[in-house]
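Everything below concerns the one structure shown next.
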Amino acid sequence: MLLKRRRPGLARPDEPLATVEAVDGVRRLAAVDPAAASRGLRSGQKLADARAVLPALKIADADPRGDLAGLVRLAEWADRFTPAVALDPPDGLLLDIAGCQHLWGGERALVDDLLAGLARRGIPARVATAATFGAAWAVARHAEELHPLLPPGGERDRLVPLPVAALRPAAETLDAAHRLGLDTIGQLLAMPRGALARRLGGELIGRLDRALGTAEEPILFRRPATPWFDRLAFAEPIADADDLARAAADIAARLCTRLADADRGGQRFTLAFHRVDGGAARAIVTTALPSRDARRLAKLFRGKIETVDPGFGVEAVTLTADGVEPLAPAQPGLRHVVSGGADRAGLAPVIDTLANRLGTERLWRAAPQESHLPERAVRRIAPLAPDAGPWPPGRARPIRLFARPEAIEATAPVPDDPPVVFRWRGILHRVRSADGPERIGREWWREPALPSPEAEKGKEAETMRDYYRVEDEAGARYWIFREGLFAADASPPRWFLHGLFG
């Protein structure tokens with residue numbers, strides 16, 4: 001057990017050790033090491049009974065929170081075998097290795113590499129592979145054979161001799177099965193489903209179906225499963241930045257070749273440097289358009305490798321592609337004939353470089369949105385996102401639109417005339433020429449209804465805007481609006497500056 005390595009004073013390597021927790025006021029064994037298990041002790045057993053069987057048993061208090069943290073660290077280490085790793089507390093991991101076996105030359109080689117890595121860290125383990133997680137879990141924990149690999153379709157035969165507990169039923173369901181004399185999964189399979197459901201409930205049938213593959217089992221992976229995963233292992237650990245950059249270029253070429261063979265491209269690439277201490281340092285690059293250009297990816301990764309901490313050395317590198325979409329082969333040399341797509345593709349390398357240096361959230365372009373209110377008529381979209389539609393024609397809008405209109409003091413000769421002077425940020429501006437008004441009303445359908453027609457009318461008067469384009473004596477041009485209408489029974493209108501034209 002790892003506990004012996006971390007706290008050598010608890011017990012010698014050959015002495016039995018168990019962790020203990022209180023359950024309903026009774027102290028029970030939470031986990032036992034191989035030495036204790038070989039003497040007949042098991043988790044869940046009362047401490048008093050265990051001490052009666054094995055007086056020399058060494059004990060330590062269980063630490064569920066620390067155990068979970070250790071399991072998370074183990075999952076981080078295991079993602080060198082597949083990006084799809086799920087926690088199975090308190091002491092298990094579920095790995096989806098579909099599409100990854102070829103990187104080792106087959107399932108057996110992958111399992112052997114996994115077991116060897118765990119053994120180097122002093123972690124005993126039982127491993128099984130199957131077409132379903134339920135079958136793999138049952139066989140790994142209850143079969144007599146160590147580390148079996150079930151062939152596709154062989155789940156049923158391997159489950160038949162296993163105990164009902166291998167299906168992970170609730171405790172009361174397991175007790176009910178034992179009372180009925182049902183001790184093995186084979187006995188469950190021999191019963192009619194209707195009778196089994198009436199006697200033991202649908203929960204056990206559901207687990208049986210998931211183990212046999214006739215029903216889907218929901219698994220919460222720490223990262224989404226993807227077939228677009230590649231791995232590069234080294235005979236000796238590497239740590240030099242140039243070596244890491246070359247490894248990044250090599251693995252990018254391998255994965256991009258697979259993407260090209262499938263006419264696909266990815267938009268998010270995660271490069272993981274797996275260190276000999278079990279940790280991993282990651283670098284992530286994103287592309288504006290689906291890409292499988294290995295040279296471009298290598299260049300983007302090179303700028304991030306400087307921040308990678310190789311620790312005592314990197315023993316393997318993995319690369320995962322997400323956001324994979326169909327990407328038809330391009331026709332080089334005819335870009336002057338093609339419109340639209342070629343321009344976007346030509347800008348993509350520049351966009352990718354800027355986005356990965358500055359952050360994708362800082363790179364955007366403005367696009368029109370259906371609203372006649374200026375502050376709602378524009379939204380941010382990705383730099384190379386498809387056009388959201390044409391800008392409304394015939395509407396002069398400022399180059400710079402303030403996020404919030406700024407209040408100003410203005411004087412107009414008559415109510416509907418533009419201002420002749422206005423004060424903004426303490427400076428007085430005299431208007432030389434003006435154009436307007438352009439009247440914009442509120443979007444009443446976005447707001448809750450008012451209780452009466454009179455209130456609705458008053459609200460409309462208060463939120464009516466008359467916009468003017470004005471130029472001062474210095475030649476600067478502004479976008480100014482008056483909010484509200486002149487009326488004897490209404491509040492006086494207010495003036496705001498909403499944008500600058502130059």
Side-chain angles (χ1 to χ4, degrees), residues 71 74-88 92-118 125-141 143 145 147-159 166 168 207-233 251-252 254-272 274 280 282 292 316-326:
L71 192 62
L74 188 61
E76 289 286 346
W77 171 83
D79 70 3
R80 66 190 62 202
F81 298 94
T82 170
V85 180
L87 300 180
D88 182 32
L93 295 176
L94 300 174
L95 280 65
D96 185 352
I97 61 172
C100 301
Q101 309 97 310
H102 69 281
L103 301 176
W104 280 261
E107 283 187 5
R108 175 54 66 187
L110 188 154
V111 170
D112 290 344
D113 194 5
L114 173 64
L115 289 169
L118 293 173
R126 292 176 62 94
V127 178
T129 66
T132 68
F133 283 108
W137 192 97
V139 172
R141 293 176 181 267
E145 179 187 355
H147 322 312
L149 276 61
L150 275 65
E155 294 79 24
R156 187 183 185 93
D157 292 340
R158 297 303 295 269
L159 290 175
R168 299 170 287 171
R207 289 194 175 275
L208 185 60
D209 289 343
R210 289 193 287 273
L212 294 174
T214 56
E216 292 291 333
E217 181 163 5
I219 301 294
L220 182 61
F221 293 108
R222 301 176 70 246
R223 297 183 181 87
T226 173
W228 303 107
F229 171 81
D230 220 309
R231 171 182 178 271
L232 189 62
I251 197 169
R254 291 174 54 166
L255 185 57
C256 287
T257 299
R258 290 178 53 206
L259 290 169
D261 292 341
D263 287 340
R264 291 180 176 271
Q267 286 190 272
R268 178 183 171 91
F269 296 84
T270 303
L271 181 67
H274 301 279
R282 290 180 173 80
R292 54 172 178 261
V317 176
T318 59
L319 180 62
T320 306
D322 296 302
V324 175
E325 300 178 3

Please report the shortest heavy-atom distance between [X] and [Y], naming the atom on each side.
X      : Y      : result
Phe229 : Leu255 : N-CD1, 4.0 Å
Arg264 : Arg292 : O-NH1, 3.0 Å
Thr226 : Ala321 : OG1-O, 3.4 Å
Thr132 : Glu155 : OG1-CG, 4.3 Å
Leu271 : Ile251 : CD1-CG2, 3.8 Å
Leu110 : Gln101 : CD1-CA, 4.2 Å

Pairwise distance [atom1]([X]) to [atom2]([Y]) - rounded to 0.5 angstrom:
X      : Y      : atom1 : atom2 : answer
Leu95  : Thr82  : CG    : OG1   : 6.0 Å
His147 : Thr129 : NE2   : OG1   : 12.0 Å
Leu220 : Asp88  : CG    : CG    : 12.0 Å
Leu74  : Leu118 : CG    : CG    : 6.0 Å
Glu107 : Leu150 : CD    : CG    : 9.5 Å
Phe133 : Ile219 : CZ    : CD1   : 5.5 Å

With a 4.5 Å limit on heavy-atom distance, are the side chains of [X] and [Y] in contact?
X      : Y      : value
Glu325 : Gln267 : yes
Leu319 : Trp228 : no
Thr214 : Asp209 : yes
Trp104 : Val111 : no

Can any side-chain N or O of Thr318 pair as donor or acceptor with the backbone N or O of Arg80 at less than 3.5 Å? no
Could you tell me whether a side-chain N or O of Thr270 sits under 3.5 Å from a main-chain N or O of Thr320, the two making a donor and an acceptor? no
Before giving the answer on salt bridge (Lys or Arg N to Asp or Glu O under 4.0 Å), spell out for Asp113 and Arg108 the whole-Å C-alpha distance, their side-chain angles and the decisive distance to 0.1 Å. CA-CA 9 Å; Asp113 194 5; Arg108 175 54 66 187; over 6 Å; no
Kindly determine whether Glu76 and Leu71 satisfy side chain to side chain contact (heavy atoms under 4.5 Å, CB included), including the steps that lead there. CA-CA 9 Å; Glu76 289 286 346; Leu71 192 62; over 6 Å; no
Do Arg126 and Glu145 pass the salt bridge (Lys or Arg N to Asp or Glu O under 4.0 Å) test, and can you show the C-alpha distance, the side-chain angles, and the key distance before you say yes or no? CA-CA 10 Å; Arg126 292 176 62 94; Glu145 179 187 355; over 6 Å; no
Take His274 and Val317 through the side chain to side chain contact (heavy atoms under 4.5 Å, CB included) test and state the conclusion after the steps. CA-CA 6 Å; His274 301 279; Val317 176; 5.9 Å; no
Side chain to side chain contact (heavy atoms under 4.5 Å, CB included) assessment of Arg223 paired with Val85: CA-CA 7 Å; Arg223 297 183 181 87; Val85 180; over 6 Å; no
Flag this pair as yes if the NZ/CZ of Arg168 is under 6.0 angstrom from the six-membered ring centre of Trp137 and inside a 45 degree cone about the axis; otherwise no. yes
Considering only NZ, NE, NH1 and NH2 on the basic side and carboxylate oxygens on the acidic side, decide whether Arg207 and Glu217 come within less than 4.0 Å. no
Could you go through Phe269 and Asp322, starting from their C-alpha distance and side-chain angles, then the distance that decides it, and tell me whether this counts as side chain to side chain contact (heavy atoms under 4.5 Å, CB included)? CA-CA 6 Å; Phe269 296 84; Asp322 296 302; over 6 Å; no
